[in-house]
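Heads up: the structure comes next, in structure tokens.
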Amino acid sequence: MEILLKLLAGGGGMYAALLAAMFMLQDGMIYFPGTGRAMERTPEDAGLAYETVWLTTEDGVRIEAWYVPAPAARGVALLTHGNAGNISHRIEYAALFQRLGYSILMLEYRGYGRSEGKPSEEGTYADARAAWRHLTTERGYAAGRIVLVGESLGGAVAAHLAAEEQPGALVLVSSFISVPELAAELYPWMPARQLARYRYDTLASLDSVSCPVLVAHSRQDDIVPFRHGQQLFGAAREPKASLEMTGGHNEGFLFTRPAWGEEPGRFLNHHIP
């Protein structure tokens, strides 16, 4: 019995230490700016003219963005990408939206790519607001001509901005309900909801989003389960549309298949005359 109690106490101590580590080390589990930190390509490599823009956020951080204009643009897309890599890995979004008749501003979060600072939840929201201000004040775009496009974690950032502003449309690609909900599925053996220091609550933001919403998700997504996309679609107000893709989380992109890129085109043509 004494040995058993010691084993239980030791196991409990190890479990408590693991929980403490999970609580303290969440930055490294949420953000992966070092995954391909180097800028590998530019839009010019895809034959697209672009402009490097440096923005200053409300808290004084300098962040980079790439502006890719479209001839006779119908509007502009603001891209907030996922938690790994940088904008040089998303050049295909620029090509896609140019084909759809939209310019695009590809935002680089603080701490990613060549942007200054360190990523945080409030910081990424501030980064998105700086990009919005650039488009509306310096580029002169009307709010209703701006399409917010959020990929994975970027979906939570885009939805948060859409709840604060009045964009023309919101496109959520492979996005999750919230960090606590996703963590509970990824780590079912621990009280992940209670340990989560980050919220990124896409579902809650949708309560205050009044623009048209397109939700794209893959049933085979191996990181963010398909039910997250279904629940986000269910929570979005009308008008809304859904697009079912295929493949894993790092395979299901709007630009992967021509048919997937056509759906945002139809959606935007209908809701942004």
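Here the structure is a predicted model, which means the values were calculated and not measured.
For the residue pair Ser218 / His249, no side-chain donor-acceptor distance below 3.5 Å is found, with atom types taken as modelled. In this structure, a donor-acceptor pair under 3.5 Å is absent between the side chains of Ser178 and Tyr198. For Tyr125 and Glu121, the side-chain atoms include at least one donor-acceptor pair closer than 3.5 Å.
Of all non-hydrogen atoms in Ala70 and Gly101, the two that sit nearest each other are CB-C, 4.2 Å. When all heavy atoms of Tyr102 and Gly75 are compared, the closest pair comes out as CD2-C, 3.3 Å. The minimum heavy-atom distance linking Tyr31 with Ser120 is given by the pair OH-C, 3.0 Å. Of all heavy-atom pairs between Ala49 and Pro69, the closest is O-CD, 3.4 Å.
Side chain of Ser88 to backbone of Met39: no donor-acceptor contact under 3.5 angstrom is found. A donor-acceptor pair is defined here as one N or O able to donate and one able to accept, closer than 3.5 Å; no such pair exists between the side chain of Lys118 and the backbone of Arg110. A donor-acceptor pair is defined here as one N or O able to donate and one able to accept, closer than 3.5 Å; such a pair exists between the side chain of Arg74 and the backbone of Ile272. No donor-acceptor pair closer than 3.5 Å links the side chain of Ser208 to the backbone N or O of Ala163. Judged by distance alone, with hydrogens and angles left aside, the side-chain atoms of Arg237 form a donor-acceptor pair with the main-chain N or O of Asp207 at under 3.5 Å. With hydrogens and angles disregarded, no donor-acceptor distance shorter than 3.5 Å links the side chain of Ser115 to the backbone of Gly111.
A 4.5 Å side-chain heavy-atom check between Tyr200 and Thr124 finds at least one atom pair inside the cut-off. Side-chain contact between Leu243 and Met245 is present, with at least one heavy-atom pair separated by less than 4.5 Å. Side-chain contact check for Ile104 versus Leu79: some heavy-atom pair is nearer than 4.5 Å. Between Ile91 and Asp45 the shortest side-chain heavy-atom distance does not fall below 4.5 Å. The side-chain heavy atoms of Leu203 and Leu232, taken from C-beta on, include a pair separated by under 4.5 Å. Taking 4.5 Å as the limit, every side-chain heavy atom of Leu214 sits out of range of all side-chain heavy atoms of Leu172. For the pair Glu108/Ile63, no side-chain contact is recorded, criterion being any heavy-atom separation below 4.5 Å from C-beta on. Two residues are said to be in side-chain contact when any heavy atoms from C-beta on lie closer than 4.5 Å; Leu182 and Val224 meet this criterion.
When the side chains of ILVMFWY residues are joined at heavy-atom separations under 4.5 Å, either directly or via intervening members, Phe226 and Leu153 end up in two distinct hydrophobic clusters. Both Val53 and Leu161 belong to a single network of hydrophobic side chains, linked directly or stepwise wherever heavy atoms of I, L, V, M, F, W or Y lie under 4.5 Å apart.
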Inset, instruction - Take Leu268 and Val147, measure what side chain to side chain contact (heavy atoms under 4.5 Å, CB included) needs, and give me the verdict at the end. - result: CA-CA 9 Å; Leu268 296 177; Val147 180; 3.8 Å; yes

Inset, instruction - Using the side chain to side chain contact (heavy atoms under 4.5 Å, CB included) rule, take Leu135 and Leu78 through it: C-alpha gap first, then chi angles, then the decisive distance, then the call. - result: CA-CA 9 Å; Leu135 291 175; Leu78 170 55; 4.1 Å; yes

Inset, instruction - Report the C-alpha separation of Arg114 and Trp54 in whole Å, then their side-chain angles, then the decisive distance to 0.1 Å, and conclude whether the side chain to side chain contact (heavy atoms under 4.5 Å, CB included) test is met. - result: CA-CA 10 Å; Arg114 295 179 293 207; Trp54 286 94; 4.0 Å; yes

Inset, instruction - Report the C-alpha separation of Glu151 and Arg90 in whole Å, then their side-chain angles, then the decisive distance to 0.1 Å, and conclude whether the salt bridge (charged side-chain N to carboxylate O under 4.0 Å, His left out) test is met. - result: CA-CA 10 Å; Glu151 169 200 278; Arg90 274 89 176 175; 2.7 Å; yes

Inset, instruction - List the steps and the verdict of side chain to side chain contact (heavy atoms under 4.5 Å, CB included) for Val61 and Tyr109. - result: CA-CA 10 Å; Val61 179; Tyr109 303 126; over 6 Å; no

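Note on Arg41 versus Glu92: salt bridge recorded, some NZ/NE/NH1/NH2 to OD/OE distance being below 4.0 Å. A salt bridge links Arg129 to Glu164: at least one charged side-chain nitrogen sits closer than 4.0 Å to a carboxylate oxygen. In this structure, Arg139 pairs ionically with Glu51, as a charged nitrogen and a carboxylate oxygen lie closer than 4.0 Å.
Residue Asn86 holds its CG atom at 9.0 Å from CE of Met106, rounded to the nearest 0.5 Å. Separation of atoms CD1 (Ile223) and OG (Ser152) is listed at 7.0 Å; rounding is to 0.5 Å. A distance of 4.0 Å separates OH of Tyr50 from OG1 of Thr52, quoted to the nearest 0.5 Å. Rounding to the nearest 0.5 Å gives a distance of 12.0 Å between CH2 of Trp132 and CG of Leu105. The CG atom of Leu96 lies 10.5 Å from the CD atom of Gln98; values are rounded to the nearest 0.5 Å. Ser103 OG to Tyr67 OH: the interatomic distance, rounded to the nearest 0.5 Å, is 3.5 Å.
By the side chain to side chain contact (heavy atoms under 4.5 Å, CB included) test, Thr246 pairs with Gln220, Arg257, Trp260, sequence neighbours left out. Every residue was checked against the ring-ring contact (aromatic ring centres under 6.0 Å, His included) condition with His134, not counting sequence neighbours, and none meets it.
Among Ile87, Leu107, Asp127, Asn83, the single residue meeting the side chain to side chain contact (heavy atoms under 4.5 Å, CB included) criterion with Tyr112 is Asn83.
Listed by first and then second residue, the salt bridge (Lys or Arg N to Asp or Glu O under 4.0 Å) pairs involving residues 219-236 are Glu181-Arg227, Glu185-Arg227, Arg219-Glu244 (not counting sequence neighbours).
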